[in-house]
Amino acid sequence: MDLSRSVEEIKELKELAATKGRDVGVLTFSHVICRETEEEATALRDRLMGDLADWDAVDNLVNLQFAHAQSFPHDLLAQIKDLFAMGHGGFPLVGTPRQVADGIIKLHETGFSGTTLSFVDYVEEFPYFRDNVLPLLAEAGIR
C-alpha cells in the first residue's frame with residue numbers, strides 16, 4: 001500500500017500544529033494477519049475479501065463513510081472496499097512476522113506515531129504476534 005501521500009499530510013499537520021504552539025502525533029489503524037508463512041497469511045486475507053466477506057455490509061459501510069466526501073479519490077473505491085472487507089479499512093499488515101514488523105516500521109518511517117491493531121481473532125492471534133513480531137520491533141528500536 002502506498003504511503004507517500006501520508007508522508008506529506010503528516011508533515012503538513014505537524015507544521016500546522018507547530019504554528020499553534022502544539023506538538024502532535026498522528027495515529028493510524030491497522031489490521032493484522034500474521035502467520036508462519038506468507039502463503040497462509042495471504043490465503044486468509046483472500047478469503048476475508050472473498051467468500052467470507054459480507055459485501056452488502058461493506059457497501060453500506062463505505063456508503064456511510066464516504067457519502068459526503070466530495071474530495072475523495074473515487075478510483076480507490078474498489079481497494080477501499082477490499083480493505084473494509086478484510087478489516088474495517090485498516091492498513092493491511094499481512095504476512096510473516098518479519099513482513100508484519102516491516103509494515104509497522106514503514107508506518108513509523110512515514111511519520112505515524114503509532115497504530116492501533118485489530119486481528120481476525122484477537123485471543124488466538126495476539127500471542128503469536130506478541131512472541132514473534134514485538135521482538136522484531138524492539139530490535140528495530142520502535143518498541
A.B. asks: Going through the distances and angles, do Leu136 and Leu134 end up as a side-chain contact (heavy atoms from CB on, under 4.5 Å)?
C.D. replies: CA-CA 5 Å; Leu136 297 172; Leu134 293 184; over 6 Å; no
A.B. asks: Using side-chain contact (heavy atoms from CB on, under 4.5 Å), reason through Val133 and Val32 one step at a time and then give a plain yes or no.
C.D. replies: CA-CA 11 Å; Val133 177; Val32 178; over 6 Å; no
A.B. asks: Residues in salt bridge (charged side-chain N to carboxylate O under 4.0 Å, His left out) with Asp51, at least two apart?
C.D. replies: Arg47
A.B. asks: Restricting to side chain to side chain contact (heavy atoms under 4.5 Å, CB included), what partner residues turn up for Glu39, sequence neighbours left out?
C.D. replies: Thr37
A.B. asks: Nearest 0.5 Å, please: how far is CG in Asn60 from CG in Asp56?
C.D. replies: 7.0 Å
A.B. asks: Is the shortest side-chain heavy-atom distance between Val100 and Val94 below 4.5 Å?
C.D. replies: no
A.B. asks: Show me the donor-acceptor pairs, under 3.5 Å and distance only, between side chains in residues 7-26 and residues at least two apart or in other chains.
C.D. replies:
residue : atom : partner : partner atom : Å
Glu9    : OE2  : Arg5    : NE           : 2.8
Glu9    : OE2  : Arg5    : NH2          : 3.3
Thr19   : OG1  : Leu16   : O            : 2.5

A.B. asks: With no hydrogens and no angle check, do the side chains of Thr115 and Ser30 hold a donor and an acceptor under 3.5 Å apart?
C.D. replies: yes
A.B. asks: Pairs under 3.5 angstrom only: tabulate donor-acceptor contacts from the side chains of residues 124-131 to other protein residues two or more places apart or in another chain.
C.D. replies:
residue : atom : partner : partner atom : Å
Glu125  : OE1  : Arg35   : NH1          : 3.1
Glu125  : OE2  : Val120  : N            : 3.2
Glu125  : OE2  : Asp121  : N            : 2.5
Tyr128  : OH   : Glu36   : N            : 3.4

A.B. asks: In terms of hydrophobic clusters joined by side-chain contacts under 4.5 Å, are Leu52 and Met49 together?
C.D. replies: yes
A.B. asks: Which distance, rounded to the nearest 0.5 Å, do you find between the NZ of Lys106 and the CG of Leu93?
C.D. replies: 10.5 Å
A.B. asks: Please report the interatomic distance CD1(Ile142) to OG(Ser113), rounded to the nearest 0.5 Å.
C.D. replies: 11.5 Å
A.B. asks: If the condition is side-chain hydrogen bond (donor to acceptor under 3.5 Å, both in side chains), which residues does Thr28 pass it with, not counting sequence neighbours?
C.D. replies: none
A.B. asks: Does a side-chain heavy-atom distance below 4.5 Å link Leu117 with Phe29?
C.D. replies: no
A.B. asks: Does a sphere of radius 6.0 Å around OH in Tyr122 hold more than 12 heavy atoms from other residues, nucleotides or ligands, not counting ones at 6.0 Å or beyond?
C.D. replies: no
A.B. asks: Looking only at non-hydrogen atoms, find the nearest pair between Thr110 and Ser6 and report the distance.
C.D. replies: CG2-CB, 3.8 Å
A.B. asks: Is there a side-chain contact between Pro92 and His31, using heavy atoms and a 4.5 Å cut-off?
C.D. replies: no
A.B. asks: If the condition is side chain to side chain contact (heavy atoms under 4.5 Å, CB included), which residues does Asp102 pass it with, not counting sequence neighbours?
C.D. replies: Arg98, Ile105
